[in-house]
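Read the structure below first, then the notes.
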Amino acid sequence: MQSAATVEVAVNNGDDPPLPFTAIRLETRQRKICFDAPTAQPLILFYGDAALTAPQYDYTRLFSPSSEFHAAKLGPEQFNPAYRDRPDARPLTDRHPHLLWIALLTVICILAIIAIRSSKTVHR
């Protein structure tokens, strides 16, 4: 859990004697997605982009739950055909480390050729 919470546990034990609980450990927290949307319109949930941050909505302040709600049924997971990977934001030298070595070797070769030619013209 990301923040502290108070959890109320109710055990419906019927008319049996009380159970001897000494401690309760919370394993998971039930999460629900609540929103106002027409039920005739199909809704699609997109997920999986680790680079995105969680959005901050005012919805938690404005939302008032009603007693009438509809549970959403999740269908099978499908790939999004319109999805495109994010462009690589790393510098060019990180994306193509061999380019730095090629550039360094090219400069060394050019300097060597210039040094050899200049030494031949000095010796003549």
Can you tell me if F79 has over 12 outside heavy atoms packed within less than 6.0 Å of its CZ? no

Do V9 and F21 come within less than 4.5 Å of each other through their side chains, counting heavy atoms only? no

CG of L105 to CD1 of I110, rounded to nearest 0.5 Å, is 11.0 Å

Establish whether I24 and L19 are linked, either directly or via other cluster members, by ILVMFWY side-chain heavy-atom contacts under 4.5 Å. yes

Let me confirm one number: the CG-SG distance from L104 to C109, rounded to the nearest 0.5 Å. 11.0 Å

Tabulate below the donor-acceptor pairs under 3.5 Å that side-chain atoms of residues 85-92 make, not counting sequence neighbours, or state none.
{"unit_1": "R86", "atom_1": "NE", "unit_2": "D49", "atom_2": "OD1", "d": "3.4"}
{"unit_1": "R86", "atom_1": "NE", "unit_2": "D49", "atom_2": "OD2", "d": "3.1"}
{"unit_1": "R86", "atom_1": "NH2", "unit_2": "D49", "atom_2": "OD2", "d": "3.0"}
{"unit_1": "D88", "atom_1": "OD1", "unit_2": "R90", "atom_2": "N", "d": "3.2"}
{"unit_1": "D88", "atom_1": "OD1", "unit_2": "R90", "atom_2": "NE", "d": "3.1"}
{"unit_1": "D88", "atom_1": "OD2", "unit_2": "R90", "atom_2": "NE", "d": "3.1"}
{"unit_1": "D88", "atom_1": "OD2", "unit_2": "R90", "atom_2": "NH2", "d": "2.8"}

